[in-house]
Structures are given as C-alpha cells and as structure tokens.
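Since the model is a prediction, treat every value here as computed from it, not as a measurement.
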Amino acid sequence: MPAITLPDGSVRDFAAPLTGTALAAAIGPGLARAALAMKLDGKLVDLARDIDHDAAVTFVTRKDPEALELIRHDTAHVLAEAVQALFPGTQVTIGPSIENGFYYDFARNEPFTLEDLPTIEAKMREIVAANELFSREVWDRDDAIHFFQERGERYKAELIQDLPVSETITLYRQGDWIDLCRGPHMRGTADVGTGFKLTKVAGAYWRGDHRNAMLSRIYGTAWRDQKELDAYLHQQEEAERRDHRRIGREMDLFHLQSEAQGSVFWHPKGWRLYRTVEDYIRRRQNAAGYDEVRTPQLVDRSLWEASGHWEKFRHHMFIATVEEEPDVTLALKPMNCPCHVQIFNHGMRSYRELPLRMAEFGSCHRYEPSGALHGIMRVRAFTQDDAHIFCTEEQIGPETVRFVKLLSSIYQDLGFPDFRVKFADRPDVRAGSDADWDRAERALHEACATAGVAYTENPGEGAFYGPKLEFVLRDAIGRDWQCGTLQVDYVLPERLDAEYVGEDGARHRPVMLHRAILGSFERFLGILIEQYAGRFPLWLAPVQVVVASIVSDANDYAEDVAKRFRAAGLSVTTDLRNEKINAKVREHSLAHVPVIAVVGRREAEERRVSLRRLGVERQEVLGLEETVTLLASEARAPDLL
RNA sequence: GCCGACAUAGCUCAGGGGUAGAGCAACUGAUUCGUAAUCAGUAGGUCCUCGGUUCAAUUCCGAGUGUCGGCACCA
C-alpha cells in the first residue's frame with residue numbers, strides 16, 4: 001500500500017494504488033486544478049499513472065520549469081493532429097520540444113508553405129478548445145509496427161523497429177488521434193493554452209541525414225500564456241534589430257554583393273572597427289610571446305598533398321590555374337598551418353627555440369556551400385587570428401595554461417566575460433594513427449587539468465588531425481558562439497617532416513598546437529556588432545566623436561575642436577550642416593556615435609565643449625583641453641590602460 | 001548542396017497585363033536655430049537576368065542567379 005512522500009516531507013498512506021490525479025485531489029482542489037503532470041521518484045510522468053508503491057511525488061504545475069517542455073511537446077502533438085486533419089495522407093514522424101518552442105516533421109509530397117500556417121493554427125486552436133484528453137496505451141511491439149504500417153505511417157513503423165526490444169512501446173491518444181510517443185503529456189489539449197504560434201516552415205532531412213528524404217518541418221513557439229508569448233516575440237524583434245547585416249548597412253560598415261559571394265567589402269568605418277580589433281589582438285599576442293608572420297595565398301598543390309588537405313579538404317578549396325603553365329595547379333590556402341610549418345622547417349631548429357609561437361592574421365578562402373553563407377558570419381574569404389605553437393609534448397600543458405589565460409583576458413576586454421569550453425575528440429574520418437590520437441587526447445586532458453579548465457565533452461567533433469578545445473562565447477542575448485579553439489596535432493609535423501634538435505643532440509618531432517581566439521575576424525566582428533547592437537564602447541566605436549555646431553558662427557571653432565581630438569588619436573567627424581542641433585543630435589544618436597560634442601557661440605567664446613553621451617540626455621560642459629585629455633583616456637584600448 | 005519564401009529608387013516598403021508610387025535618405029534654395037526630425041522645391045527606376053505566353057509583361061508561366069529562413073555542412 002503506497003506511502004507517498006510529498007515535497008514538504010510529509011508522508012501520506014493510502015489503502016490502495018491511486019493515480020496522480022486522485023492524489024492531487026486528495027491533497028486539495030487547488031492542486032487538483034493546477035497539476036499538469038507529476039514527478040514520480042524524480043521521473044516526469046502523466047498524472048493518470050498509478051502510484052502503486054512507496055514513492056516520492058512532486059506535482060508539476062504551470063509555474064514549474066518542466067511545464068514549458070510539457071506545453072511545447074503537447075503543442076507539437078496538437079500540431080500533428082491538426083495537420084493530419086487538414087491534409088490527409090500526410091505522414092507524421094517526430095515532433096520534439098526545443099528551445100523556445102517545438103517543431104514537427106511531416107512527410108508530404110507537397111511541402112507546407114507559410115500560407116498554410118494560419119489555417120493549421122486555427123485548427124490547432126479548435127483542438128485546444130475541445131480539450132481532448134491525453135491517454136496512454138502500452139502496445140505490443142509487433143502490433144504497433146503493424147498498426148502504423150496499416151495506416152501508411154512508415155516513418156513511425158521504422159521508429160518502433162529501431163527502438164531497443166526492451167523499450168515499452170507507448171501510444172498516446174488525444175480524441176480520435178493517436179501517435180507513438182514516449183510521453184509524458186499533460187491532462188488534455190486545453191492545457192496547451194493559447195500562448196503558441198506557428199513561426200516558420202523548413203525542409204529537414206529524415207533523421208538529420210542528407211542522404212535521406214527531405215521532410216517538411218513546421219516550427220512553432222509555445223509559452224505558458226499570451227503574455228509570455230508576446231514577450232518572446234518582442235525579444236525576437238529585438239534580436240532582429242541587432243542583426244549585424246542590418247547594423248552593417250545602417251552604420252555603413254560593410255556590404256556584400258553577388259560578384260564576390262561570401263567576401264566582405266569593408267567600408268571605411270567597418271574597416272576602422274576591424275583594424276581596432278586587429279591592432280588590439282596584435283598587441284596582446286606580441287606581449288604574449290608570439291612572432292607574427294605572413295605566408296602566401298596561392299600555394300602549389302604538392303604542398304596540400306603533403307599536408308593531407310588535398311585528400312581531405314580539396315572540395316572546400318578554390319583551385320587556380322594559369323593558361324601559360326598548364327601543369328601547375330595552385331590553391332588558395334584554406335588554412336595557414338602548412339605554410340607555418342614551411343617557416344618552421346626553414347633552417348635547423350633547436351629545442352631552445354621551443355615553444356615557438358608563430359602567429360598570422362591569415363587570409364583564407366574556403367568554398368562553403370551556398371546555403372551555409374550568412375552575412376559576414378559565414379563567408380568564403382576570411383581572416384583568422386591564427387597561430388601555431390611548435391612545442392614538445394611536455395610543453396602542451398603549460399602552453400594550454402598560457403593560452404587559456406590570454407584568451408579569457410581578451411574575451412573579457414572585448415565584452416564577453418562569459419564563455420565555456422568543450423572538448424572535441426577523434427572524428428570518424430581522421431588522419432594519424434590511433435596511438436597518436438591516444439597521446440594527443442591524453443595530453444589535452446592533462447593540459448585541461450593543469451589549466452583548471454572545466455569542459456563538457458563533444459564526442460567525435462575533433463579536427464581530422466587532432467582533438468581540440470572549443471571556446472564558446474555567450475552573448476548579451478544568451479546565444480552561444482564557438483570562437484576560440486586549441487587543437488593538438490601530432491600528424492602535420494609528421495607529414496611535413498618538422499624537426500628540431502633536442503638537448504640530446506638527436507632530431508625530434510615537435511607537437512603543433514593550432515589555436516585561435518576570435519576564430520575569423522569577419523565572423524567575430526559580426527558577433528561583436530550584434531553583442532553591442534552597434535553601440536560600441538568608445539575604444540571600439542568606428543566614429544568616436546561628432547563635433548556638431550549649433551550656428552555657423554561656431555563652425556571654425558568646431559573644426560578646431562575636431563583637429564584637437566584627432567591629434568589626440570580620436571576618430572572624429574564634424575557636422576557643420578545647416579541643420580538644427582536637434583536634428584544633428586538625433587541623427588548621430590541613431591548612428592550610435594558614443595559622444596556628440598556640441599559647440600555653439602558660447603562654447604566658441606569660452607573654448608569649451610558640451611558633451612552628450614549616447615543615450616544620455618544630460619550634458620557636461622568642459623574646457624577643450626580637459627575634454628581632449630578625458631576622451632583620449634576613455635578611448636584607450638583596455639590593454640593600454 | 002536540399003526544402004520553402006522573396007527580389008520594385010540609396011534604405012524601408014506599397015502597387016499592378018497598357019506613362020511606376022510613398023516615407024526616409026540625396027541634391028537645391030530659404031532659415032542661424034542650444035541637445036532625438038525647420039520649411040519649400042528638385043532629381044532619382046533595365047521593377048534581378050534570360051526565355052515563353054500575349055497586340056502589349058515590371059505584373060502571368062518557366063529556367064537561372066542572388067538573398068532570407070531552416071536542414072545538411074563548418075575539417
């Protein structure tokens with residue numbers, strides 16, 4: 001006879017097994033109304049499940065974090081029912097809850113379009129209003145397979161076939177509609193509520209494999225109520241406003257055009273931003289003991305064959321030939337590493353030179369599939385803040401520690417204090433022996449331990465030549481971006497025959513650590529633009545100050561002020577147009593200029609300036625020389641403070 | 001690469017089988033003004049490209065290209 005422990009520690013004894021619904025009712029009518037599901041000994045299950053043994057039970061109500069997942073999953077089921085009601089012959093496949101919502105993949109000859117969504121959504125609301133109750137049924141495996149095959153649901157049949165034999169096959173019924181599902185579900189479709197919306201349609205491969213059929217996916221978002229939904233939709237609009245493509249255009253930073261697909265045209269302001277970041281990274285790396293180099297763009301095929309890129313990477317490389325030399329095949333470098341090894345190999349290296357940290361702002365080209373291109377974030381021509389550390393196996397640990405320290409400090413300076421680390425180990429397709437991989441993975445694990453780096457596993461995602469650490473930034477609106485990387489490579493030094501003379505006078509292979517902090521400048525600048533929504537801190541802002549005159553009598557003085565600012569190293573423009581100061585302030589505020597220096601007759605007479613900071617209405621009037629000193633110091637890069 | 005949507009002025013967008021429309025921006029003139037839009041005027045277009053249907057296509061149809069949203073890809 002079940003003795004049930006509740007979250008407050010109290011224990012209730014019951015004479016016979018009872019359902020969660022009954023238990024909730026026994027506790028109180030308020031709970032009976034609010035309970036959507038329960039946690040039975042920590043496992044989330046339907047309220048209708050029997051509790052037949054001594055157990056700990058916690059009820060899940062709408063307020064609980066688990067509720068969102070239940071709501072989203074149930075909404076996906078409602079979507080599937082609606083679609084099958086409206087479009088007979090459509091097969092169902094899978095429909096999980098995801099971050100912020102859910103999706104459902106359907107198999108249908110004619111894919112769904114955006115125009116179908118309002119109809120489907122209306123049907124969904126009918127189903128929700130009807131409050132069809134969810135009921136769970138345990139089926140015999142073969143019966144279930146047979147059942148779905150009979151109904152022409154071959155994807156569902158395939159899913160069951162692939163389930164382990166030990167798995168209990170459960171089907172959930174809601175009204176007349178039935179689906180294979182692990183559960184749990186809420187009480188009925190009314191529990192979904194009204195806070196959902198279908199958002200987009202997309203193609204998606206069955207089981208995520210591009211060799212399989214393409215299914216028609218419908219995405220939706222679902223929340224506890226209309227208010228939460230509205231808040232989410234509002235947040236989406238905010239994210240759109242920060243889109244780097246929009247801000248890039250509005251702030252005149254860069255553009256893209258089809259004649260150079262996947263390559264960025266940097267405009268003066270964008271290039272200033274780019275150089276600010278590049279100069280900063282260069283200073284940091286110089287200070288951290290890196291030597292900067294520059295290597296060729298076009299390199300003969302033979303080097304790529306030797307490095308292994310020709311075999312593994314050729315389809316992502318741009319190949320160049322000249323008519324005059326038909327036997328020569330060159331390729332634009334997709335990575336810098338083989339070239340760096342050429343510099344390492346030039347002359348005899350001694351163990352005394354290790355660790356040798358070779359950095360390059362390496363301009364690379366990779367052929368990316370057209371569908372992968374995205375603004376300046378995913379391009380075909382990009383520049384890495386790349387470096388290779390040639391070292392001994394013993395030096396992997398200390399070098400990892402140094403690198404992680406440098407990287408965290410740089411992320412901090414650039415406005416990303418929050419990042420995490422993933423450990424990516426050997427992929428299926430790889431170069432090098434298993435023994436090499438064992439050594440490399442072990443070395444990196446040990447290095448993490450030494451560096452005190454906590455990481456999560458990312459199995460099978462290593463580079464083809466070695467395992468890697470991936471450094472993932474968290475941005476201002478909670479999105480993750482993998483930027484930094486540290487890869488241990490025993491393979492390339494071997495393939496390209498890199499050697500140094502050891503203490504013992506014999507020749508040894510160095511280990512190579514491939515590492516980047518930003519990854520690609522193009523992508524990182526895209527992230528940076530979205531992080532700050534174009535409102536950069538003073539040191540990064542492409543235009544730091546606009547000197548705006550109020551009357552034309554103050555124009556000469558405004559020019560003077562700008563000249564003084566410029567001499568102090570600030571990026572300044574003047575606005576002497578015949579416009580009202582209101583208009584000027586508005587325009588430059590919309591353009592995210594951090595400081596507007598307003599000068600009128602008064603300032604000109606007194607050699608002062610009125611400073612207005614972006615987003616701040618209050619002004620401060622200061623002497624010119626004082627202002628120059630103040631702004632110059634505020635605009636200093638964090639490493640120069 | 002795959003599925004879908006979209007492509008009209010510098011930008012945001014409307015329109016529609018028969019001289020192409022707005023707002024903002026640009027340009028010209030007037031205005032000299034104190035911290036988020038001064039007024040008036042002018043100019044601006046291969047309606048993505050190529051083909052088809054039609055007396056007539058920017059509009060309808062087809063193909064291509066590009067962009068966007070996903071999927072796959074990101075070594």
Identified side-chain contact (heavy atoms from CB on, under 4.5 Å) partner of A:Trp304 from the options A:Ile319, A:Val299, A:Thr329, A:Leu330:
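Result: among A:Ile319, A:Val299, A:Thr329, A:Leu330, A:Val299 is the only option passing the side-chain contact (heavy atoms from CB on, under 4.5 Å) with A:Trp304.
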Partners passing side-chain hydrogen bond (donor to acceptor under 3.5 Å, both in side chains) against A:Gln91 (at least two apart in sequence or in another chain):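 Testing A:Gln91 for side-chain hydrogen bond (donor to acceptor under 3.5 Å, both in side chains), a comparison that skips the adjacent residues, returns none.
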For residues 461-474 of chain A, the salt bridge (Lys or Arg N to Asp or Glu O under 4.0 Å) pairs (sequence neighbours left out) are A:Lys468-A:Glu470, A:Arg474-A:Asp480
Contacts satisfying salt bridge (Lys or Arg N to Asp or Glu O under 4.0 Å) that involve residues 307-320 of chain A (not counting sequence neighbours) are none
Problem - Nucleotide nearest A:Glu603 (side chain, heavy atoms from C-beta), chosen from B:G34, B:A26, B:U35 - result: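 Looking only at side-chain atoms, A:Glu603 lies closest to B:G34.
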Out of B:G4, B:G34, B:U38, minimum distance to the side chain of A:Glu579 belongs to B:U38
Fill in: Donor-acceptor contact below 3.5 Å, side chain A:Arg366 vs main chain A:Glu368
no
Contact string for nucleotides 66-75 of chain B, one letter per nucleotide 5' to 3', B = base within protein heavy-atom range under 4.0 Å, S = sugar-phosphate only, - = neither, reads SSSBBBBBBB
- Could you tell me if the ring centre of A:Phe102 sits under 6.0 Å from that of A:Phe196?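 No, they do not, as the ring centres are separated by 6.0 Å or more.
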Practice item. Run the ring-centre check on A:Phe254 versus A:Tyr274 and record whether the distance is less than 6.0 Å. Key: no
Verify the contact: side-chain N or O of A:Asn582 to OP1 or OP2 of B:U35, cut-off strictly under 4.0 Å; return yes or no.
no
Any side-chain heavy-atom pair from A:Phe416 and A:Ile527 closer than 4.5 angstrom?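 Yes; the side chains approach each other to less than 4.5 Å.
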What's the spacing between A:Leu622 CG and A:Leu611 CG if we round to 0.5 Å?
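Answer for the CG-CG pair, A:Leu622 versus A:Leu611, is 5.5 Å.
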Given the [atom1] atoms of [N] and [M], what is the spacing between them in whole Å?
N	M	atom1	value
B:C24	B:A37	C1'	11 Å
B:U19	B:A25	C1'	26 Å
B:U54	B:G1	C1'	37 Å
B:U38	B:U32	C1'	11 Å
B:C47	B:G34	C1'	46 Å
B:G70	B:A75	C1'	23 Å
B:A22	B:A14	C1'	7 Å
B:U59	B:G17	P	11 Å

Quick one: [X] [atom1] to [N] [atom2], roughly how many Å, whole number?
X	N	atom1	atom2	answer
A:Lys580	B:C33	NZ	C1'	6 Å
A:Arg577	B:C33	CZ	P	18 Å
A:Glu606	B:G34	CD	P	16 Å
A:Leu614	B:U35	CG	C1'	13 Å
A:Asp575	B:A37	CG	C1'	13 Å

Give each protein N/O atom lying under 3.5 Å from an N/O atom of nucleotides 6-15 of chain B, with the pair distance.
unit_1 : atom_1 : unit_2   : atom_2 : d
B:C11  : O3'    : A:Arg249 : NE     : 3.4
B:U12  : OP1    : A:Arg249 : NH2    : 2.9

- Message: Which residue is it: A:Thr574, A:Asn555, A:Asp575, A:Asp556? I am looking for the one with a side-chain hydrogen bond (donor to acceptor under 3.5 Å, both in side chains) to A:Ser549.
- Response: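 Of A:Thr574, A:Asn555, A:Asp575, A:Asp556, side-chain hydrogen bond (donor to acceptor under 3.5 Å, both in side chains) with A:Ser549 is met by A:Asn555 alone.
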field: Partner of A:Tyr465 under side-chain hydrogen bond (donor to acceptor under 3.5 Å, both in side chains), chosen from A:Gln487, A:His309, A:Arg495
entry: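 Filter result, single survivor: A:Gln487.
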Using a heavy-atom cut-off of 4.0 Å across all strands, would you classify A:Thr199 as base, sugar-phosphate, or nothing?
nothing
Please classify the nucleic acid contact of A:Ile550 as base, sugar-phosphate, or nothing, using heavy-atom distances under 4.0 Å.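 Here A:Ile550 touches the bases of the nucleic acid.
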Check the chi torsion on B:U19 and let me know: syn if it falls within 90° of 0, anti if not.
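That one's syn.
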Determine whether A:Thr295 and A:Glu360 satisfy the following criterion, side chain to side chain donor-acceptor pair (under 3.5 Å), listing intermediate values before the conclusion.
CA-CA 8 Å; A:Thr295 60; A:Glu360 177 171 4; 2.7 Å; yes
* For RNA chain B, list all stems, counting runs of three or more consecutive pairs where every pair is Watson-Crick or G-U wobble with both distances under 3.5 Å. =>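 Correct response: B:1-7 with B:65-71, B:10-13 with B:21-24, B:26-30 with B:38-42, B:48-52 with B:60-64.
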query: Strictly by modelled atom types, are A:Tyr557 and A:Glu603 linked by a side-chain donor-acceptor pair under 3.5 Å?
result: no
By nearest-nucleotide position on RNA chain B, the 5'-leaning member of A:Val598 and A:Ser552 is A:Ser552
